[in-house]
Amino acid sequence: SLHTHTHTYTHRYKAAIAVADENEDITTSEYNLALYYAKQGEYKKATDLHEKILKKHPLFIESMLSLGSIHEQANRFEVAQEWYQKGQQAANNRVFKEKTFGREKRDVHLLVTDPTIMLGNLFFRLAKMNKSKSYMNRAMELYKSVSNADREDAYSRVALGTSYTSISLIYLSNLYT
């Protein structure tokens with residue numbers, strides 16, 4: 001599905017462990033527990049725990065993306081968009097880029113592109129739900145930006161191709177309705 005990013009949970013988990021190793025106040029168990037709560041549908045507990053993590057470590061992009069995902073699943077699209085955009089801002093933060101917090105170089109790179117991919121997925125979803133060319137164009141812009149920044153990112157290229165097909169279908173359906 002276009003709404004899942006295959007590397008997301010794997011690299012979030014690895015990154016969480018790396019941050020926990022460097023900053024003892026953010027524990028792997030807190031992050032894993034927040035993911036577990038979300039998976040079990042206990043969104044309030046998951047949200048509270050992610051927000052607790054972010055108070056201690058404001059550049060913990062993994063929690064921002066998880067919060068965006070939780071709100072997206074609850075159809076709170078504007079709040080989801082805000083969290084993904086906060087993730088984008090954190091990823092562009094000079095401190096985040098200079099101090100990798102013990103993360104592997106590729107994990108850092110994925111965390112830089114993931115907020116943009118997830119924001120693109122949100123707009124893609126909204127475009128399909130609303131048969132909206134403007135949402136689809138926004139999704140395509142975001143996928144293109146990732147594809148241009150990371151020539152090895154196959155996901156953004158596949159998403160972009162799917163978006164081109166979908167925008168054609170949206171255009172055709174709007175012609176006949």
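Note that the structure is a prediction, hence the values are computed from the model and not measured.
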- On a heavy-atom basis, the closest approach of Gly120 and Ala139 is O-CB, 3.4 Å

- Item | Results of side-chain hydrogen bond (donor to acceptor under 3.5 Å, both in side chains) for Glu42 - residues two or more places apart only | Lys45

- Item | Heavy-atom closest contact (Met64 atom, Ala90 atom, distance) | CE-CB, 3.7 Å

- Run through Gln88, Gln85, Lys86 and flag the one making a side chain to side chain contact (heavy atoms under 4.5 Å, CB included) with Pro115. Gln88

- Task: Supply the atom-to-atom distance Leu142 CG to Arg138 CZ, rounded to the nearest 0.5 angstrom.
- Result: 4.0 Å

- Task: Apply side-chain contact (heavy atoms from CB on, under 4.5 Å) to the pair Met129 and Phe77, showing each step before the final yes or no.
- Result: CA-CA 12 Å; Met129 286 173 51; Phe77 301 119; 3.9 Å; yes

- Task: Please determine which of Ile117, Thr113, Thr116 meets the side chain to side chain contact (heavy atoms under 4.5 Å, CB included) test together with Ser145.
- Result: Thr116

- Item | Euclidean distance, Leu122 CG relative to Glu78 CD, rounded to 0.5 Å | 10.0 Å

- Query: Between the side chains of Asn121 and Tyr143, does any donor sit under 3.5 Å from an acceptor?
  - Reply: yes

- Query: Any idea which heavy atoms bring Ala38 and Ala46 closest together, and the distance?
  - Reply: N-CB, 3.6 Å

- Item | Under 3.5 Å side-chain donor-acceptor pair for Thr47 and Glu51 | no

- Task: Compare every heavy atom of Leu54 with every heavy atom of Ser63, then report the nearest pair and how far apart it is.
- Result: CB-CG, 3.9 Å

- Task: Carefully, step by step, assess Met140 and Asn137 under the rule side-chain contact (heavy atoms from CB on, under 4.5 Å).
- Result: CA-CA 5 Å; Met140 291 167 64; Asn137 284 329; 4.2 Å; yes

- Message: Would you say Asn75 and Arg125 are linked by a side-chain donor-acceptor pair, where the criterion is simply a distance under 3.5 Å?
- Response: yes

- Message: Counting only heavy atoms from other residues, nucleotides and ligands, does the tally under 6.0 Å from CD of Gln40 exceed 12?
- Response: yes

- Query: CG of Leu59 to CD of Gln89: how many Å apart, nearest 0.5 Å?
  - Reply: 11.0 Å

- Check whether any side-chain heavy atom of Met136 sits under 4.5 Å from a side-chain heavy atom of Lys128, and report yes or no. yes

- Item | Heavy-atom closest pair, residues Leu49 and Ala34 | CD2-N, 3.5 Å

- Item | Tyr31 and His50 aromatic ring geometry - parallel, tilted or perpendicular at 30°/60° bounds | perpendicular

- Item | Straight-line distance of Lys55 NZ to Lys52 NZ, nearest 0.5 Å | 10.5 Å

- Met118, Ile70: one ILVMFWY side-chain cluster at the under-4.5 Å cut-off? no

- Under a 4.5 Å side-chain heavy-atom rule over Ile, Leu, Val, Met, Phe, Trp and Tyr, are Leu35 and Leu67 clustered together? yes

- Task: Could you walk me through whether Glu141 and Lys144 pass the salt bridge (Lys or Arg N to Asp or Glu O under 4.0 Å) test, one step at a time?
- Result: CA-CA 5 Å; Glu141 289 171 19; Lys144 282 180 195 174; over 6 Å; no

- Task: Mark yes or no for whether Tyr84, through its side chain, and Ser69, through its backbone, hold a donor-acceptor pair below 3.5 Å.
- Result: yes

- Could you check Tyr43 against Asp48 for side chain to side chain donor-acceptor pair (under 3.5 Å), going step by step and ending with a plain yes or no? CA-CA 8 Å; Tyr43 300 117; Asp48 290 346; over 6 Å; no

- Query: Rounded to the nearest 0.5 Å, how far does OH of Tyr37 lie from OG of Ser66?
  - Reply: 15.0 Å

- How long is the gap from NE2 on His57 to CD on Glu62, to the nearest 0.5 Å? 7.5 Å

